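Report on the structure given below.
Predicted, not measured: the structure shown is a model, and the values here were computed from it. Each chain gets a letter, A, B and so on, in the order its sequence line appears, and its residues count up from 1.
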There are 2 protein chains.
Amino acid sequence: MEVNTKRKKEVLNAALTLFRHRGYESTSMRQLAKELNLEVASLYSHISAKSDLLEVICFGMADKFLLGAKEVNDIYFNAEEKLRMYIANHISLLTQNMDSSIVFLRDWRFLPDDKKEQFVELRNKYEDGIREIIETGISEHVFNPSDIKMATLTILSSLNWVVEWYKPEGSLTPQEIANDLSNFILNGLKKNNL
Amino acid sequence: MEVNTKRKKEVLNAALTLFRHRGYESTSMRQLAKELNLEVASLYSHISAKSDLLEVICFGMADKFLLGAKEVNDIYFNAEEKLRMYIANHISLLTQNMDSSIVFLRDWRFLPDDKKEQFVELRNKYEDGIREIIETGISEHVFNPSDIKMATLTILSSLNWVVEWYKPEGSLTPQEIANDLSNFILNGLKKNNL
DNA sequence: CTTCCATACGAACGGCCGTTAGCAAATATA
DNA sequence: TATATTTGCTAACGGCCGTTCGTATGGAAG
């Protein structure tokens, strides 16, 4: 589904707020309609199904993450630097798109089966990027050998958890968070014989 | 609600499996009844509401976590050792109760309001235990000064994510996972001037 | 001026939801 | 054997769900 009219974008934004705070499955089309001062049926002048809304959110974020990863891969070479940039990009996207991020991390499971398959493919592609950096670091004797899959998932879980506690008005900036987490993670990965 | 009859326990077990794989909200009483070869109404001879089942699961796990934390606090003194034992206990409980853990981590939000409040209190108590260890480590100059709240939540997210990928038949034992995660986390926390 | 498209409506569809009332059989307890 | 408790049933309740049909309006594009 393309978001090609102003009204469509308004519908999407209202849905985004509701999905974030109530979850996709617990948000009804009737609630969404009320939020927009519309009748339920009118929503279907703009979208063809509720799941359209979830799709736009999930794939929109997936694209952003993959684009950022691609840029990092094109510019940086050394494993530590690359991982730091991956983390900075990840935290920046999460904190700048809190609503979408929360929905996309929590509710992708409710995508229709075929879309869910596509989505998981994209997510695996992103995870592979991190896995490869760790592998490079290990083979270049910069990182300690470790279970690579576990390291990747542990790193991602630390990063993604940020949406659960980050407050834009809080004391830590996204840059500081990214930096702290990078230090934390790299201390966990790096050889200690410097 | 007490689980005081055999049949009640069977109902609870069936619910647990369904909740784990479909989520609490997406599991209907009719599905649960079918799983037990019962009519829907018969379920209400054993429980008084669907939310009873979620309560038993969530508070059952909360109790286990807090009990483990209490034991660790009673035995160990030094901050690093204590944190290692906290982590070992946490991973052991998660991997030995995969179904309950997944439900309890994901679906506690759907507890009725009053029970949810109680639950969050218990969770905060558990988080405080970890926070205190980190504070002790910092004040004893064993750990680097850092944002303590962030460190606590980052550690918990790394630990809890384990339920997303742990496979009992996989190559890593819970002990190995706890050990690897402890090293990873402690490297991130410890002063490097040894 | 007409055609087209975005936008919105009321009414209804079949279906699933958690829960209750009232009753019956089985099983354990005394 | 009499009594109490556990376990189960049929039928129904009001309510919410996503979606569809047919229709109407208003403004932009040709």
Side-chain angles (χ1 to χ4, degrees), chain A residues 1-58 103 106-116, chain B residues 1-58 103 106-116:
Chain A
M1 192 193 73
E2 312 135 59
V3 187
N4 44 17
T5 70
K6 197 174 63 170
R7 199 70 175 123
K8 222 173 198 169
K9 186 161 273 176
E10 287 170 10
V11 172
L12 185 66
N13 281 336
L16 187 51
T17 308
L18 283 174
F19 289 174
R20 175 199 171 147
H21 292 105
R22 317 185 36 87
Y24 173 73
E25 279 220 309
S26 305
T27 303
S28 73
M29 295 301 276
R30 282 165 179 83
Q31 284 166 26
L32 178 54
K34 182 167 281 181
E35 206 68 28
L36 291 155
N37 292 312
L38 281 180
E39 296 304 311
V40 216
S42 312
L43 290 171
Y44 290 85
S45 299
H46 305 283
I47 59 170
S48 67
K50 185 186 176 188
S51 62
D52 282 1
L53 297 163
L54 185 59
E55 263 173 52
V56 172
I57 296 169
C58 288
V103 174
R106 191 225 291 132
D107 292 336
W108 63 268
R109 295 158 227 269
F110 302 120
L111 284 168
D113 283 347
D114 52 332
K115 299 289 172 178
K116 182 158 61 182
Chain B
M1 190 193 75
E2 313 136 56
V3 187
N4 44 16
T5 68
K6 197 172 67 173
R7 198 71 176 121
K8 224 172 196 170
K9 185 160 271 174
E10 286 171 10
V11 171
L12 184 67
N13 281 336
L16 186 52
T17 309
L18 283 174
F19 290 173
R20 172 195 174 149
H21 291 105
R22 316 185 38 86
Y24 173 74
E25 280 221 308
S26 305
T27 302
S28 72
M29 295 303 275
R30 283 165 178 83
Q31 284 165 25
L32 177 56
K34 182 168 281 181
E35 205 67 29
L36 292 155
N37 291 313
L38 282 181
E39 295 305 311
V40 214
S42 310
L43 290 171
Y44 289 84
S45 300
H46 304 283
I47 60 171
S48 68
K50 185 188 177 190
S51 60
D52 282 2
L53 298 163
L54 185 59
E55 264 174 50
V56 172
I57 296 168
C58 288
V103 174
R106 189 226 289 135
D107 292 335
W108 64 268
R109 295 160 228 269
F110 302 119
L111 284 167
D113 283 346
D114 53 331
K115 299 289 173 181
K116 183 159 60 181

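Between A/Ser42 and A/Leu38, the closest heavy-atom pair is CB-CD2, 4.1 Å.
A heavy atom lying under 4.0 Å from DNA chain D marks the following residues of residues 37-57 of chain A, by number: A/Val40, A/Ala41, A/Tyr44, A/Ala49, A/Lys50.
Remark: B/Leu18 CG to B/Asn13 CG distance equals 11.0 Å, nearest 0.5 Å. The CG atom of B/Asp52 sits 11.0 Å away from atom CD1 of B/Ile57, with the distance rounded to the nearest 0.5 Å.
Rounded to whole Å, atom P of C/dA28 lies 14 Å from atom CZ of B/Arg7. Here the P atom of nucleotide D/dT19 and the CG atom of A/Leu32 are 12 Å apart, to the nearest Å. Rounding to whole angstrom units, NZ of residue B/Lys6 and P of D/dT7 are separated by 9 Å. We find that CG of B/Asn4 is positioned 16 Å from P of C/dA28, with the value rounded to whole Å. Regarding A/Leu18, its CG atom lies at a distance of 12 Å from the P atom of D/dC17, rounded to whole Å. For the pair A/Gln31 CD and D/dT19 C1', the computed distance is 17 Å after rounding to whole Å. Between A/Lys9 atom NZ and C/dA6 atom P there is a gap of 16 Å when expressed in whole angstrom units. Atom CZ in A/Arg30 sits about 14 Å away from atom P in C/dC13, given to the nearest Å.
A 4.5 Å side-chain heavy-atom check between A/Ile47 and A/Met29 finds at least one atom pair inside the cut-off. Residues B/Lys115 and B/Cys58 have side chains not in contact (no heavy-atom distance under 4.5 Å, counting atoms from C-beta outward).
The phosphate of C/dC17 (OP1 or OP2) has a side-chain N or O of B/Ser28 nearer than 4.0 angstrom.
Using a 4.0 Å heavy-atom distance criterion, A/Ser26 is classed as making no nucleic acid contact.
Judged by the 6.0 Å distance and 45° axis criteria, A/Lys50 is positioned over the aromatic ring of A/Tyr24.
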